[in-house]
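Right, one structure below, let's go through it.
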Amino acid sequence: MSGKEEELTYSEAIEMAHESITRFPLIPIQGVPLMSLIASDWDTVWAFRPDPSDILIATYPKAGTTWTQEIVDLLLHNGDAEACRRAPTPMRSPFLEIKSPPPIPSGLDLLKIMTPPRIIKTHLPYQLVPPAFWENKCKTIYVARNAKDNLVSYFFFDMMNKTQPEPGPWDGYIHKFIQGELSWGSWYDHVKGYWREKERKNILFLFYEEMKENPRREVVRIMKYLDLSLSDKIIDEIVELTSFKKMKENPMANYSCIPKPVFDCSISTFMRKGEVGDWRNHFTPEQSKMFDEDYERQMKDVNIPFKTDLI
Ligand code: A3P
């Protein structure tokens, strides 16, 4: 099936399901709030057995997942841009735990029809990743983004993504983030969970800010971690193809495959800004102070070198 047909099928499936699309409530799984559809079939996700060659890309939502999926797909295809336009991101790199109303295929449905090595996306916190990923020693890339920019990005996303709980007003949203009440739970526990296991489980831990600061350096890090060796010219091309500008224009990477009943782009686009430090345009000085004080409390037991600005 060509990418075009797959895109049509995926978009059509969403259009067909639009009457069942709703802002799904969150149900806790081991204390982590997950969309009800995910929680209702949790055992199937937990039992998933990847192939040892599968690659896991794990993130807290809005930390740079799509960007990293695109880089990895291009690396695996030796920089072949056409090959990476074979289908939209969620078809090329399925979202492990996602469940949507039929006939939209779930992440597991898509994985079933793919041949390893597959690029698998997850937002699950470390403790909820199906244990077979670790038993099979799957390569795992974790991308972390500074809390304030991550929060701003998630706020805009929750406004436009009609399957996520209503974000409510900005000030209240900050508190929900701090209290770990958003889908996929606490940002603080999420980043700490993977940070603590990164050596033991050979997880490549990346920062969104470092990818912005020096994308070529980070693409090379990912390449080496995946035991690949591409020419300098192809690496340069991958850096260019995965720039914010290029990805925003690429219908196979910009999530324009998700129609309005789910992603309402008149509210905000998926490829929104792609910057470090946008939080300064949204936090008041009081909100920033309160957030920083709480951050000190929640992060006092680790030293994860986040940058909130690029100088
Ligand atoms: P903003 O909302 O701040 O613009 P995810 O893929 O995890 O959902 O993350 C989405 C965020 O990553 C959005 O952030 C999006 O714009 C940004 N993003 C996506 N592709 C990017 C790229 N190539 N370069 C920089 N940022 C990118």
Side-chain angles (χ1 to χ4, degrees), residues 35 56-75 81 84 88-98 107 119-125 141-161 163-164 167 170 173 177 182-184 187 190-191 194 206-219 222 236-258 262-265 267-283 306-310:
M35 281 165 71
L56 185 65
I57 298 177
T59 53
Y60 189 76
K62 312 318 290 174
T65 332
T66 317
W67 187 6
T68 311
Q69 287 170 287
E70 195 66 19
I71 293 172
V72 171
D73 198 25
L74 279 159
L75 285 169
C84 296
T89 310
M91 310 279 300
R92 283 184 284 139
S93 171
F95 187 175
L96 175 66
E97 65 269 23
I98 205 68
I119 307 166
I120 306 177
K121 156 185 169 178
T122 187
H123 289 323
L124 293 170
I141 302 172
Y142 186 78
V143 189
R145 186 177 193 182
N146 82 75
K148 283 169 158 172
D149 281 331
N150 205 143
L151 162 52
V152 169
S153 183
Y154 209 175
F155 179 65
F156 281 93
F157 185 65
D158 277 352
M159 283 195 283
M160 66 86 90
N161 181 346
T163 66
Q164 289 270 95
W170 165 242
Y173 193 83
F177 181 94
L182 304 179
S183 291
W184 287 280
W187 174 95
H190 209 283
V191 295
Y194 284 92
L206 302 175
F207 292 96
Y208 179 94
E209 295 74 25
E210 294 195 340
M211 291 168 69
K212 284 292 291 184
E213 191 175 56
N214 190 338
R216 193 178 200 286
R217 180 190 61 207
E218 300 306 298
V219 168
I222 299 172
D236 288 340
E237 284 166 11
I238 293 178
V239 172
E240 174 63 15
L241 288 165
T242 56
S243 66
F244 180 75
K245 188 171 175 297
K246 278 279 154 61
M247 281 184 61
K248 193 177 169 77
E249 291 163 356
N250 177 356
M252 294 299 161
N254 66 10
Y255 272 95
S256 54
C257 65
I258 311 278
V262 177
F263 283 1
D264 187 346
C265 294
I267 298 173
S268 178
T269 53
F270 189 90
M271 296 283 168
R272 192 184 60 91
K273 263 194 169 171
E275 285 175 6
V276 178
D278 184 39
W279 63 271
R280 290 189 180 279
N281 299 315
H282 301 281
F283 281 73
F306 280 105
K307 292 179 187 159
T308 48
D309 293 283
L310 288 184

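One-based numbering, in listed order, for ligands and for the atoms of each. All figures in this text were calculated on a predicted structure; none of them were measured in a lab.
At the top of the distance list for atom 7 (O) of ligand 1, counting protein heavy atoms only, stands Thr65 OG1, 2.3 Å. Looking only at heavy atoms of the protein, atom 26 (N) of ligand 1 is closest to Tyr208 OH, 2.7 Å. Of the protein's non-hydrogen atoms, the one nearest atom 19 (C) of ligand 1 is Met271 SD, 3.4 Å. The protein non-hydrogen atom at the shortest distance from atom 2 (O) of ligand 1 is Ser153 OG, 2.6 Å. The shortest contact between atom 11 (C) of ligand 1 and any protein heavy atom is with Arg145 NH1, 3.7 Å. At the top of the distance list for atom 15 (C) of ligand 1, counting protein heavy atoms only, stands Phe270 O, 3.8 Å. Distance from atom 6 (O) of ligand 1 to its nearest protein heavy atom, with residue and atom name: Thr66 OG1, 2.5 Å. Regarding atom 8 (O) of ligand 1, its nearest protein heavy-atom neighbour is Lys62 NZ, 2.9 Å.
Between the side chain of Trp279 and the backbone N or O of Thr308 there is at least one donor-acceptor pair closer than 3.5 Å.
For ligand 1, the polar-atom distance check against Thr242 finds a nitrogen or oxygen pair separated by under 3.5 Å. Looking at Glu275 next to ligand 1, no N or O pair under 3.5 Å apart turns up. For a threshold of 3.5 Å applied to N or O pairs, the pair formed by Met247 and ligand 1 contains no separation below that value. Where the criterion is an N or O separation shorter than 3.5 Å, residue side chain and backbone included, Lys212 fails it with respect to ligand 1. On a distance-only criterion, Gly64 and ligand 1 share at least one N/O pair closer than 3.5 Å. Polar contact with ligand 1: absent for His123 (N/O pair, distance under 3.5 Å).
Distances from atom 16 (O) of ligand 1 to the heavy atoms of Phe156, Phe244, Tyr60, Phe155 put Phe244 nearest. Between the choices Tyr154, Tyr255, Phe157, Trp67, the shortest heavy-atom distance to atom 21 (C) of ligand 1 belongs to Trp67.
At a cut-off of 3.5 Å, with distance as the only test, a side-chain donor of Asn146 or Glu209 sits close to an acceptor on the other residue. Side-chain atoms of Trp184 and Glu97 include a donor-acceptor pair closer than 3.5 Å. A side-chain N or O of Ser183 and one of Gln164 form a donor-acceptor pair less than 3.5 Å apart. Using modelled atom types, one finds a donor on one side chain and an acceptor on the other under 3.5 Å when comparing Asp158 with Tyr173.
Electrostatic pairing of Asp278 and Arg272 counts as a salt bridge here, judged by a charged N lying under 4.0 Å from a carboxylate O. Using a 4.0 Å cut-off between charged side-chain N and carboxylate O, Lys307 and Glu213 make a salt bridge.
At least one cation-pi condition fails for Lys148 and Phe177: the charged atom is not both under 6.0 angstrom from the six-membered ring centre and inside a 45 degree cone around its axis. Judged by the 6.0 Å distance and 45° axis criteria, Lys62 is not positioned over the aromatic ring of Tyr154.
Shown are Phe157, Tyr60, Phe95; of these, the ring pair (Phe, Tyr, Trp, His ring centres under 6.0 Å) with His123 is made only by Phe95.
Counting the atoms of ligand 1 from 1 in the order shown, those under 4.0 Å from a heavy atom of Ala63 are 7 (O), 9 (O). Counting atoms of ligand 1 from 1 in the listed order, those under 4.0 Å from a heavy atom of Ser243 are 23 (N).
Taking the six-membered ring wherever Trp is involved, the centroid distance between the rings of Trp170 and Phe156 does not fall below 6.0 Å.
With a 4.0 Å cut-off on non-hydrogen atoms, Lys245 does not touch ligand 1 at all.
Tyr194 and Tyr142 have parallel rings, their planes meeting at less than 30° on a 0 to 90° scale where 60° marks the start of perpendicular.
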